[in-house]
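Structure first, commentary second.
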Amino acid sequence: MAKERRKLLADRYWNLKKTVVLVGMMGAGKTAVGKALAARLDVPFLDSDAEIEKAANMTIAEIFQRDGEAFFRDRETEVIDRLLDNHCAILSTGGGAFMAERNRVLISQKGVSVWLNADMDILWSRVKGKNTRPLLRTSNPYQTLRALYDARVPTYALADLTVRARTEYSIDAMAGQVQEALLGRPDVLESIE
């Protein structure tokens, strides 16, 4: 039955009425799931970090190193605001974006937030050993990730919708879970018969 339902969801046409903003920890799958969801709904996929890098002609890590986190966060807000003014899309944000109240207000006014809620085991398995996460460039990256997780989870819980990540979910299955959650919001997503 669940497999038939997923197929039915994939075979319909959809009208996305608001930009869906994926929030959550680094490694939660915001980019991968966002791309899969955008393909399912036939809407653009946007990534705020990629847009920041393109505008600065630098990586996020380079921006952090040269200009600091506060400078980066200001640019992040500007980019999110601009992207939310575009046509409806799926927008992946950096792990810290939702921590700023100004970003939560923008997202609430112009879109809908979806927290991809992944537990520490999933997150650590996805980010350990990668050098692309400037906040984890510490002597104990696991402890740093744990501290970020503990500090951020209460704020992520403020998102409009929450979708729980599970190790057994493929990227497409997770995109299906997000789509299911969005179907509970007719102001965001509706099926076109």
Within a strict 4.5 Å, meaning less than it, do heavy atoms of the I80 and F98 side chains meet? no
Sorted by first residue and then second, give each salt bridge (charged side-chain N to carboxylate O under 4.0 Å, His left out) pair with at least one member in residues 19-28; sequence neighbours left out. none
Decide yes or no for V33 and V178: does some side-chain heavy atom of the first lie under 4.5 Å from some side-chain heavy atom of the second? yes
Using ring-ring contact (aromatic ring centres under 6.0 Å, His included) as the criterion, list what pairs up with F45, not counting sequence neighbours. none
To the nearest 0.5 Å, how far apart are CG in L41 and CG in N15? 10.0 Å
Crowded around I171 CD1? As in, over 12 foreign heavy atoms under 6.0 Å? no
Test side-chain contact (heavy atoms from CB on, under 4.5 Å) on L91 and S48; report intermediate values, then the result. CA-CA 7 Å; L91 172 59; S48 63; 4.3 Å; yes
Please report the closest heavy-atom contact between A89 and L46, naming both atoms and the distance. CB-CD1, 3.8 Å
If only atom types and distance count, is the side chain of D160 paired as donor or acceptor with the main-chain N or O of S113 below 3.5 Å? yes
Consider only side-chain heavy atoms of I, L, V, M, F, W and Y, link residues closer than 4.5 Å, and tell whether M174 and L16 are in one cluster. yes
Under the salt bridge (charged side-chain N to carboxylate O under 4.0 Å, His left out) rule, what pairs show up with a residue in residues 14-35, not counting sequence neighbours? K17-E190, K18-D187
R146 meets the salt bridge (charged side-chain N to carboxylate O under 4.0 Å, His left out) criterion, sequence neighbours left out, with D150
Minimum side-chain heavy-atom gap V112-I107 below 4.5 Å: no
Interatomic distance, S191 atom OG to L183 atom CG [nearest 0.5 angstrom]: 8.0 Å
Closest approach of I63 to F72 (non-hydrogen atoms, all atoms of both residues): CG2-CB, 4.0 Å
Heavy atoms from other residues, nucleotides or ligands near CG of N140 exceed 12 (cutoff 6.0 Å): yes
Partners meeting salt bridge (charged side-chain N to carboxylate O under 4.0 Å, His left out) with E78 (sequence neighbours left out): R75
Has the side chain of R40 got a donor or acceptor atom that lies under 3.5 Å from a matching backbone atom of Q179? no
Which residues share a side-chain contact (heavy atoms from CB on, under 4.5 Å) with T77, sequence neighbours left out: R102, N103, L106
Minimal heavy-atom distance between R164 and Y169, with the atoms involved, is O-CE1, 3.6 Å
So, for W14 and L189, which heavy atoms are closest and what is the spacing to 0.1 Å? CB-CD1, 3.8 Å
What is the minimum heavy-atom distance between I122 and A165, and which atoms define it? CD1-O, 3.8 Å
Tell me every residue that passes side-chain contact (heavy atoms from CB on, under 4.5 Å) with E101, counting only those two or more places apart in sequence or in another chain. R104, V105
Using the salt bridge (charged side-chain N to carboxylate O under 4.0 Å, His left out) criterion, which residues pair with D85? Sequence neighbours excluded. K110
Table please: side-chain donor-acceptor pairs of residues 20-27 below 3.5 Å, with sequence neighbours left out.
none

Residues 47-60 vs salt bridge (charged side-chain N to carboxylate O under 4.0 Å, His left out), sequence neighbours excluded, gives E51-K54, E51-R82
Identify, with sequence neighbours excluded, every residue that meets salt bridge (charged side-chain N to carboxylate O under 4.0 Å, His left out) alongside D67. none
Kindly write out the residues that satisfy side-chain contact (heavy atoms from CB on, under 4.5 Å) with K128, not counting sequence neighbours, or none if the list is empty. W124
Side-chain heavy atoms of T19 within contact of I90, under 4.5 Å: no
